[in-house]
Each structure stands twice: as structure tokens, then as C-alpha cells.
Amino acid sequence: IAQCLSELRIHELMKNVMTKTRNMLNADRGSLFLVDEGELWTPVADGVGTKVIRIPVTQGIAGAVATTGDTINLTDAYTDARFNAAIDKQTGYRTKAVLCMPIRNSR
């Protein structure tokens, strides 16, 4: 974590935080979604190369967390109606468990 805090560039900081979090949770993949004018987008997402994922802020698990501020923890993503399987189809990855929580600034 100290290494993450020493990063000056925000993108590198986000990548480092995502990597450390994924490793601490022993997760296969991780994504960081940012809210921007009614849209969620990924400056950092494992397994998609340089591609950016963009979805409406009201869509999927990430959208539910962004709009409610609640943490969502699922052992099987496909059993939850909010899960957006279209992202799995785009990436070729099958999501299993999901832990999604909001990260907020001070505003």
C-alpha cells in the first residue's frame, strides 16, 4: 500500500490499488469503474487489454452500487438479475463471484 501512495500518476495509482486489492482478495480479475455524466467507465480492468468498458450508470452490478452506495457481494453473479452478462460475452470471461463496493471522494 505504501508503494501505491507514492505513485504520482493517477492511472498508475489506480492500477496499483486494483492489483493490490485483487491480490489481497485472491481474485482472478478486478475492474475499477468511474462515474462520469451518467456513465460508468473503466480506466482499469483486468483481461480487456487497452479496451475501456462503458455502461450506463443504471446498469449491472456496478451501476447498482454506483446509484445506491451499497456494497454487493455475490457468490454466483449469474443468479442476480442485476448482473450484466453482456460484458462477459465481450471479454470471453465467465464471471463467478462478485464483490463490488463504492469508493467515494470527499464531495
Checklist entry - Quick one: CG on Asp88 to OG1 on Thr91, what's the gap to the nearest 0.5 Å? => result 5.0 Å
Next on the checklist: How long is the straight-line distance from CG of Leu99 back to OG1 of Thr75, given to the nearest 0.5 Å?
Outcome noted: 12.0 Å
Next on the checklist: Could you see if Leu25 belongs to whatever hydrophobic cluster contains Val17? Use Ile, Leu, Val, Met, Phe, Trp, Tyr and a side-chain cutoff under 4.5 Å.
Outcome noted: no
Checklist entry - Are Met101 and Met18 linked, directly or through other ILVMFWY residues, by side chains that come within less than 4.5 angstrom of each other? => result no
Next on the checklist: Could you check whether any side-chain N or O of Thr42 sits under 3.5 Å from a backbone N or O of Ser31, counting only pairs where one atom can act as donor and the other as acceptor?
Outcome noted: no
Next on the checklist: Is there a continuous path of hydrophobic side-chain contacts, each under 4.5 Å between heavy atoms, that joins Ile53 to Val57?
Outcome noted: yes
Next on the checklist: Could you tell me if the side chain of Phe83 sits less than 4.5 Å from the side chain of Leu74, heavy atoms only?
Outcome noted: no
Item to check | Residue pair Asp46 / Tyr93, side-chain donor-acceptor N/O under 3.5 Å | outcome: no
Checklist entry - With Asn84, which of Lys89, Gln90, Gln59 fulfils side-chain contact (heavy atoms from CB on, under 4.5 Å)? => result Gln59
Item to check | Residue pair Asp28, Thr95: steps toward the side chain to side chain contact (heavy atoms under 4.5 Å, CB included) verdict | outcome: CA-CA 9 Å; Asp28 292 342; Thr95 302; over 6 Å; no
Checklist outcome for this item: In short, Arg54 meets Glu39 closest at the heavy-atom pair NH1-OE1, 2.9 Å
Next on the checklist: So Val65 and Phe33, do their side chains get closer than 4.5 Å, heavy atoms only?
Outcome noted: no
Next on the checklist: Looking at every non-hydrogen atom in both residues, tell me the closest pair between Met14 and Val44 and how far apart they are.
Outcome noted: CB-CG2, 3.7 Å
Item to check | Considering all heavy atoms, the nearest Ile61-Cys100 contact | outcome: CG2-CB, 3.8 Å
Checklist entry - Of the non-hydrogen atoms in Leu40 and Ala66, which two are nearest, and what is the gap between them? => result CD2-CB, 4.0 Å
Item to check | Leu32 vs Ile103 side-chain heavy atoms within contact, under 4.5 Å | outcome: yes
